[in-house]
There are 2 protein chains.
Amino acid sequence: MPTKTKEPTYEIGEFATLVGLSAPTIRYYENQGLLKAQRTANGRRYFTEQDIKWVKFLLHLKGTGMSINDLKKYVTWRAQGDATIPNRLDLLKDTKADFMTKYRQVQHHLQILDDKIAWYEAKESGQDTGKEPFADYLKRIGHTV
Amino acid sequence: MPTKTKEPTYEIGEFATLVGLSAPTIRYYENQGLLKAQRTANGRRYFTEQDIKWVKFLLHLKGTGMSINDLKKYVTWRAQGDATIPNRLDLLKDTKADFMTKYRQVQHHLQILDDKIAWYEAKESGQDTGKEPFADYLKRIGHTV
DNA sequence: GTTTGACTTAAAGTTAACTTTAAGTTGTAT
DNA sequence: ATACAACTTAAAGTTAACTTTAAGTCAAAC
């Protein structure tokens, strides 16, 4: 039977590297209330595996478009217990709705970018459309600007 | 045979509305060199259908992640004629590469958001996993945080 | 003909999300 | 024991992309 080894802890620099942020950003997040570090007797922060998971989760939420302010709300509700699950769910669903709206827009933007790249490539290789403007080209291949 | 009617023109306010920006933003873009307005005898800007197409195209590029600075480069090269097509193509391809990187990341973020929403919904409707932490839940359904 | 709303400019202000600075303390390696 | 890197704090600075302000001109409606 293996002895239960103590969980590793990390000082702020290593922790920051592990989650892909800078140490100042970690401090900033803590000041904002998004996370809470434990402290050694001498006042130095230290972090655990749990903290890594937590920050990574926050970064996923942030990556879907949640602002620091939204994240603060979420964290506050989370600290208040299960009674606030509906609030959190609403926030996440709103976040998703906003995300999907932007996601669809961005797909359209990408389509236009791809078309423009194709147009330049055709032009560059001499298989071009002569002096046909890009807007006409788009209409011809079935896209609207 | 219908007579060729003059193309409509727009003052800055209407133009801004048509392209979904504010009048100050249009002025800002002009100051940045992204577009060029014609002027009446009294110094007022006016815009044509061509200008609408141009701004909409710029906004598509912007929507794929190009900064105002990138757009400036593009516009400058464009003004220099066909000799700069390779430069423009490189810029657009770099833009696309950056875009795709972020796009894939964002899809992962969305996955986690969806998982969390599902987790809360299960918890709310009593079909929950008891006290199973979210990270464990993710592992169980086959995702990694 | 006068009010009202839209336009003009240059310059200063705003916002989010950090980043940098300054001044000081602490842990570790030699 | 001393150097040196990593930590501590609070506060100021940065960046992009606008937005707002102030002071003035102009066109259309009543």
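Proteins get letters first, then strands, A, B, ... in listed order; numbering begins at 1 in each.
Classification of the B:Phe57-B:Trp54 ring pair by plane angle, with boundaries at 30° and 60°, yields tilted.
Remark: B:Tyr28 engages no residue in a ring-ring contact (aromatic ring centres under 6.0 Å, His included) (not counting sequence neighbours). Contacts of B:Tyr29 classified as ring-ring contact (aromatic ring centres under 6.0 Å, His included), with partners at least two apart in sequence or in another chain: none. Remark: B:Tyr10 pairs with no residue by the ring-ring contact (aromatic ring centres under 6.0 Å, His included) rule, at least two apart or across chains.
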> Would A:Asp70 and A:Lys62 count as a salt bridge (charged side-chain N to carboxylate O under 4.0 Å, His left out) if you check the C-alpha gap in whole Å, the side-chain angles of each, and the deciding distance to 0.1 Å?
Replying inline: CA-CA 9 Å; A:Asp70 283 343; A:Lys62 188 160 182 295; over 6 Å; no

> For A:Lys36 and A:Glu30, what are the C-alpha separation, side-chain angles and deciding distance, and is it a salt bridge (charged side-chain N to carboxylate O under 4.0 Å, His left out)?
Replying inline: CA-CA 6 Å; A:Lys36 212 165 140 171; A:Glu30 190 184 11; over 6 Å; no

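Counting heavy atoms from C-beta on, the side chains of B:Lys53 and B:Glu49 never come closer than 4.5 Å.
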Contacts under 3.5 angstrom, residues 84-93 of chain A side chains, donor-acceptor by atom type, not counting sequence neighbours:
residue, atom, partner, partner atom, Å
A:Thr84, OG1, A:Trp77, O, 2.5
A:Thr84, OG1, A:Gly81, O, 2.9
A:Thr84, OG1, A:Arg88, NE, 3.2
A:Thr84, OG1, A:Arg88, NH2, 3.2
A:Asn87, ND2, A:Thr84, O, 3.3
A:Arg88, NH1, B:Tyr120, OH, 2.9
A:Arg88, NH2, A:Gly81, O, 2.8
A:Lys93, NZ, B:Glu121, OE2, 3.0

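A rotation axis mapping the C1' atoms of four pairs onto the next four is fitted at both ends of the helix from C:dG1-D:dC30 to C:dT30-D:dA1 over five pairs, and the angle between these axes is 0° to 10 degrees.
An OP1 or OP2 oxygen of C:dT8 is reached within less than 4.0 angstrom by a side-chain nitrogen or oxygen of B:Arg45.
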> Can you give one letter per nucleotide of nucleotides 10-30 of chain D, going 5' to 3': B for a protein heavy atom under 4.0 Å from the base, S for sugar-phosphate only, - for none?
Replying inline: -------BBSB-----BS---

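Nucleotide D:dT9 holds its C1' atom 10 Å from the CZ atom of A:Arg39, rounded to whole Å. The distance between atom OH of B:Tyr46 and atom C1' of C:dA6, rounded to the nearest whole Å, is 18 Å. A straight line from CD of A:Glu14 to C1' of C:dG27 spans 15 Å, rounded to a whole angstrom.
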